[in-house]
Amino acid sequence: MIDVRLLRTNLDGVRSALARRGKPDLLVQVDEAVALDTRLREISLERDTLRAEVNDLSKQVGALRRDKKNDEAEALMERSRAGGDRERVLQSEIDTVQDALQQIMLRIPNLPHPDAPDGAGDHENPIVKGPINLPATFGEHQRVPHWETATALGILDNERATKIAGAMFTMQRGLGATLARALCQFALDQNADAFEEIRPPSFVTTATLTATGHLPKFADDAYAIERDDLWAIPTAEVPLTSLHAGEVLDEAELPVRLMAYSPCYRREAGSAGRDTRGMLRAHEFDKVEILAIARPEDAPELLTELVGRAEALMAALELPYRIIEICTGDMGGSHHRSFDIEVYAPGCDAWLEVSSVSWFSDYQARRADIRFKRTGQKGTEIANTLNGSALAVPRVWAAICENHRQPDGSVRIPDVLLPYMRGATHITPKA
RNA sequence: GGAGAGGUGCCAGAGUGGCCGAAUGGGGCGCCCUGCUAAGGCGUUGUCCGUCUUAAAGCGGACCGUGGGUUCAAAUCCCACCCUCUCCGCCA
């Protein structure tokens, strides 16, 4: 959530920042929020005043009862009762207004960073680096989509995955399964120098899924386990962000740096049939996420670092990649500024998004109530959060199958993964 | 899943309707005493919202697991839920 107080102190700033997202409805929502907030403060003040009266009368009643002046006490109780009745009426209006305001605030997206590029949609995301490692030409053997080659190699068996679980599930076999796990292991090892490894729960409460901004807006995209009131996580960002929810951290503990491998579950509502072949889009996939909780002033540098770490993995895997910055019209609702890393897959002839790194300013931290205390100062401040995929397995797996395919049809394992492949240097067709 | 016990401030822990935002002890912070250390003395010690103010202070409200209820008045009584611990059952 953005800070409600911004609506009071800098409404023009909020409006112009949100206008850059190119969704006129947002400004209507802002106006509604302003009206509700104004009303809420009016009636809250009235309620507090009434409460003060009732509190005062009650104290007097207590004193009079002790002095056995029951008649006088009775008179005050009568007045207090009347005050209490009026208070109840106000309180129910407060509840209504507060709830309405909360619902709107939960849906108003974050303010884009001033340096985030303007743009109407994904076609206007500027390339800020690369392409790197992109050869002038690709061999014919690389121009075959991975769903054909990997199936032929016996390392991808989506047909049986579908038999078991339905459409849009994938299954890797043999060295294909090993490769998927190797990628996770590699991504974790590469970031272990600065990040604590977490193995979080894969199911979370509604409050947890709300903190990151996935609820209430994107309920249809998440798997719900209704019987137990739980949600399957769409990314490890969700449990990691809420790891310190409701806590006040010491400034000295910051930045908190966490990483986690986790399965990710997405219903992909609305995208059925799009990019669904092979490993491009599935209901379940593996990912290694890196995340930081930081003081606001440290966030820009951390954003650069996180992007650099995700980039380093693609470089080490010898894949052609580029970095794009997400423009205001394409930016996720919780994002303040974000960058994607895309890898080129010659068989699909497409740039695949393999990592997304974002700075959320205090938007998620306010929802999650993550605060910190500056050393030697009174009071607390809302922290900033940042996170990014270090490595999302399926598309990287696909890109390896296509880019590193040899003229003989085998797939070469990049050197950095060799320690995790049980001695295999190539994936070759079964004899 | 069953039975029982419990959730109070930074920590321990008292508090069964009013004088309780909360005793007492410990810790932290400040000052004093002290050659140094130890011991001791005095004081102080949370968060959120609103209001006034350039700001601080002040003032008002809220917070004793969470949400409801009873009452003039709730940490305290009632209901539901969540969590923790012990025992039993089940189980990788």
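Every chain is numbered from 1 and lettered A, B, ... according to where its sequence line falls, protein lines coming before strand lines.
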Query raised in the report: Do the side chain of Glu402(A) and the main chain of Cys348(A) share a donor and acceptor less than 3.5 angstrom apart?
Result: yes
Requested in this report: Have a look at Gly379(A) and say if it touches a base, only the backbone sugar-phosphate, or nothing, with a 4.0 Å heavy-atom cut-off.
Outcome: sugar-phosphate
Query raised in the report: Do other residues, nucleotides or ligands put more than 12 heavy atoms under 6.0 Å from the CD atom of Glu42(A)?
Result: yes
**Report entry** Inter-nucleotide C1' distance (rU44(B), rG26(B)), Å rounded
**Finding:** 16 Å
Query raised in the report: rA5(B) and rG18(B): how far apart are their P atoms, nearest whole angstrom?
Result: 25 Å
Requested in this report: Taking atom P in both rA14(B) and rC32(B), compute the distance separating them and give it to the nearest angstrom.
Outcome: 37 Å
Query - Any Arg41(A) side-chain N or O less than 4.0 Å from OP1/OP2 of rU51(B) - result: yes
Query - Span that lies between the C1' atom of rA22(B) and that of rC63(B), in whole angstrom - result: 12 Å
Query raised in the report: Of all the choices, rG18(B), rC72(B), rG50(B), which nucleotide is nearest to the side chain of Val54(A) once you look at every atom?
Result: rC72(B)
Query raised in the report: So, is Arg81(A) close to the rA73(B) phosphate, meaning a side-chain N or O under 4.0 Å from OP1 or OP2?
Result: no
Query raised in the report: Separation of Arg5(A) atom CZ from rG50(B) atom C1', in whole Å?
Result: 10 Å
Query raised in the report: Rounding to a whole Å, what distance do you find between Arg88(A):CZ and rC72(B):P?
Result: 8 Å
Query - Heavy-atom closest pair, residues Ala399(A) and Val343(A) - result: CB-CG1, 3.4 Å
Query raised in the report: Are His335(A) and Phe360(A) close enough that their ring centres sit under 6.0 Å apart?
Result: yes
Report task. Identify the heavy atoms of Ser262(A) and Ile233(A) that sit nearest to each other, and give their distance. Result -> OG-CD1, 3.7 Å
Query raised in the report: CZ of Arg66(A) versus C1' of rG17(B): gap in Å, rounded?
Result: 12 Å
Requested in this report: Fit a plane to each ring of His146(A) and Trp397(A), take the angle between them on a 0 to 90° scale, and name the class: parallel (under 30°), tilted (30 to 60°) or perpendicular (over 60°).
Outcome: perpendicular
Requested in this report: Considering only atom C1', compute the distance from rU66(B) to rA56(B) and round it to an integer number of Å.
Outcome: 36 Å
**Report entry** Structure string for RNA chain B in dot-bracket form, Watson-Crick and G-U at under 3.5 Å, | interchain
**Finding:** ((((((((.[[[..)..(.....]]]((((((.......))))))((((((......)))))).[[[[[..)....]]]]])))))))....
Query raised in the report: Closer than 4.0 Å, any side-chain N/O of Arg8(A) to the OP1 or OP2 of rG50(B)?
Result: yes
Query raised in the report: Separation of Gln91(A) atom CD from rU71(B) atom P, in whole Å?
Result: 17 Å
Protein-nucleic acid N or O pairs under 3.5 Å, nucleotides 57-63 of chain B:
residue : atom : partner  : partner atom : Å
rG61(B) : OP1  : Asn55(A) : ND2          : 3.3
rG61(B) : O2'  : Asp48(A) : OD1          : 3.1
rA62(B) : OP1  : Arg51(A) : NE           : 2.8

Report summary line: By nearest-heavy-atom nucleotide on RNA chain B, the more 5' of Gly62(A) and Leu76(A) is Gly62(A)
Query raised in the report: On a whole-Å scale, what distance lies between the C1' atoms belonging to rC10(B) and rU45(B)?
Result: 10 Å
Query raised in the report: For Arg160(A), does the CZ atom have more than 12 heavy-atom neighbours from other residues, nucleotides or ligands under 6.0 Å away?
Result: no
Query raised in the report: At under 4.0 Å between heavy atoms, what does Arg79(A) touch on the DNA or RNA strands: base, sugar-phosphate, or nothing?
Result: nothing
Report summary line: What one should report as the nearest heavy-atom pair of Leu188(A) and Met259(A) is O-CE, 3.3 Å
Query raised in the report: Which value, in whole Å, describes the distance between the P atoms of nucleotides rG27(B) and rA80(B)?
Result: 43 Å
Query raised in the report: Taking all non-hydrogen atoms of both residues, which atom of Asp122(A) and which atom of Asp330(A) are closest, and how far apart?
Result: CB-OD2, 3.4 Å
Report summary line: Taken to the nearest whole Å, CG/Asn70(A) to P/rG18(B) is 16 Å
Query - Atom pair distance, as rounded to whole Å: CG in Asp250(A) and P in rU47(B) - result: 13 Å
Query raised in the report: Between the side chain of Arg20(A) and the main-chain N/O of Ala116(A), is any donor-acceptor distance below 3.5 Å?
Result: yes
Query raised in the report: Looking only at atom P, what distance separates rG9(B) and rU53(B), rounded to whole Å?
Result: 36 Å
Query raised in the report: Is a side-chain donor-acceptor pair under 3.5 Å present for Gln29(A) with Asp25(A)?
Result: no
Report task. Would you kindly give the CD-to-C1' distance between Glu87(A) and rU70(B), to the nearest whole Å? Result -> 15 Å
Query raised in the report: Over how many whole Å does the gap from Leu57(A) atom CG to rA73(B) atom P extend?
Result: 10 Å
